[in-house]
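Note sheet for the following structure.
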There are 2 protein chains.
Amino acid sequence: MELAEAKQKFIEAWGKLGSEWGINRTMAQVHALLLVTPEALTTEEIMESLSISRGNANMTLRDLMGWGLVEKQHKPGERKEYFYADKDTWNIARQVAKERRKRELDPVIKILDELSKVQGDVSDPAYNTFNRTVTDINKLAKNVDKTLDTMLKAEESWFWGSIVKIFK
Amino acid sequence: MELAEAKQKFIEAWGKLGSEWGINRTMAQVHALLLVTPEALTTEEIMESLSISRGNANMTLRDLMGWGLVEKQHKPGERKEYFYADKDTWNIARQVAKERRKRELDPVIKILDELSKVQGDVSDPAYNTFNRTVTDINKLAKNVDKTLDTMLKAEESWFWGSIVKIFK
DNA sequence: TTGAACTTTCAAAATATATTGAAAGTTTAT
DNA sequence: ATAAACTTTCAATATATTTTGAAAGTTCAA
C-alpha cells in the first residue's frame, strides 16, 4: 500500500469512528490529517487536502483547539497561521476524556444528584424502581468520574502498568 | 419534585447523554422509560408515554433488544408483547461496552493492523510520522480492547474493588 | 491611510438522520 | 377458512446537523 493511500484510509477510519462517538466527522478527519503530518499546515492546505470549504476548515480548527488537540503556530516573518496536532497518543486520550467529562458527564451527575433526592412513597413500586435505578446510575457515574479524575493526573507508564497488573 | 416530573427529567437527561455519545435519542429515551418502570410495558404504552409513532417504537425496541438491553415478555393468555429492561447498572454498562467494542473498536483495530504494516522510506519524515502515529494508536486501541475483554468477564464487586484499590 | 493578505462569520443550501403512518404481514382463536 | 389482534415494513416526510462561500472583519507593511 502506498503511503498516500494509507493516509487516506487512516483519515477515513478516524472520521468514521469519530462520528460513531458523537464527534463531527470532519473534525475527526482534520485531526487525523494533522496527526499523520510531520509539519504544521495552513488552513489553505487543509482545505485542499480534505476538499472542504474555508468556513468549515476555520470552524473545525477552532473546535479542535477548544478540545486542546491542535494548536496554532506562527512562523517568523509570515502572516499565515499554521496548525499543528500533538501526536502523543496518551495526551490525546487524556484530553478527550477530560473534555467529555466536563461537557457531558459532569452535567449528568448534577441532574442525577437532584433526582436522587426525590422523595416518595416507599410502598410504591414505581417510586422504588425509579429511586433504585437513579441512585445506582449515579453511583456508577461517580465512580467513572473519580476514575477519570485520577487517570487524568496519572503518568502514562504508571497507568498502564497498574491496569496490566489488575487485568491479568 | 413530583415522581412524574422526575421521571420526565431522567428520560430527557438520558436521551441527551445518549445522543452526545452516538446513540439515537429516542432509543435512549425508551431505555430510560423502561429503566424507571417496574413492570414490562407494551408498544402501545411506550408510544403513548413518549409520544412517538408505532413504527418508531417498534424499530427502537428491536434495536434495544439487539443491544441486549431490553427483552420481550409474554403474559400468559395475552397476544400483546411486553418489553422489559434489565435494571442492573453493571449489566447495562457491560452490555454497552461489549456491543460498542464489537461494532466499532474491533473494526478500527483491524484497519490499524493493516496500516501498521505499510512500509516506507525510513528517512522520510512523512512516513515516520504516519508510522509512529498509527502504531501508537494501534497499541492504545489494543490495550483498551484487552482491558474491556477482562472487564466483560469480571464480576462487579471484584472490578470496583480492584479499581478503588488502584485509584486511591 | 490604504490595500493586500489573511481570518472569521453566518444565512442559505446541502446532506444526513430520525420519524411517521398506513399498508402489508403474521399469528391465533374459533 | 376467516377475521380480529397484533407486529413489521418502508417510502415519504420531517428534523437536525453539517457545509458552503461570499461578505465582513482584522492585521500589518508601506
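Bear in mind that the values here come from a model prediction, so they are computed numbers and not experimental data. Chain letters run A, B, ... following the sequence lines, proteins first and then strands; every chain starts at 1.
- Residue B/Glu81 contributes atom CD, which lies 13 Å from atom C1' of C/dT28 at whole-angstrom precision.
- The nearest pair of heavy atoms linking B/Ala40 to B/Gln73 is CB-OE1, 3.4 Å.
- Salt-bridge formation is not detected for the pair B/Glu12/B/Lys9: no Lys NZ or Arg NE/NH1/NH2 atom is positioned less than 4.0 Å from an Asp or Glu carboxylate oxygen.
- In this entry the distance linking CZ of B/Arg79 with C1' of C/dA29 reads 8 Å, nearest Å.
- As rounded to whole Å, 8 Å separates atom P of C/dC6 from atom CD of A/Glu78.
- Under the 3.5 Å distance criterion, the side-chain polar atoms of B/Thr135 are matched with a main-chain donor or acceptor of B/Arg132.
- Legend: residues meeting salt bridge (Lys or Arg N to Asp or Glu O under 4.0 Å) with B/Arg100, ordered by chain and number and at least two apart, are B/Glu104.
- Going from atom CZ of B/Arg25 over to atom P of C/dT20 covers 13 Å, rounded to whole Å.
- At C/dT19, one or more side-chain N or O atoms of B/Asn24 fall inside 4.0 Å of OP1 or OP2 (strictly under the cut-off).
- Between the side chain of A/Lys7 and the main chain of A/Ala32, no donor-acceptor pair closer than 3.5 Å is present.
- Inter-residue side-chain proximity for A/Val122 and A/Asn131 is flagged as unmet; no heavy-atom pair is nearer than 4.5 Å.
- Of the two residues near DNA chain C, A/Asn56 and A/Tyr82, the one whose nearest nucleotide lies more 5' is A/Tyr82.
- Shown here for B/Leu34 and B/Ala85, the closest heavy-atom pair between the two residues is CB-CB, 3.6 Å.
- Listed by residue number, the members of residues 33-55 of chain B with any heavy atom below 4.0 angstrom from DNA chain C are B/Ser51, B/Ile52, B/Ser53, B/Gly55.
- Taking both residues in full, the closest heavy atoms of A/Phe130 and A/Leu115 are given as CE2-O, 3.8 Å, listed atom of the first, atom of the second, then distance.
- Protein chain A touches strand DNA chain D; the 5'-most and 3'-most nucleotides with an atom under 4.0 angstrom of its non-hydrogen atoms are D/dT18 to D/dC28.
- Nucleic acid contact class of A/Arg62 (heavy atoms, under 4.0 Å, all strands): sugar-phosphate only.
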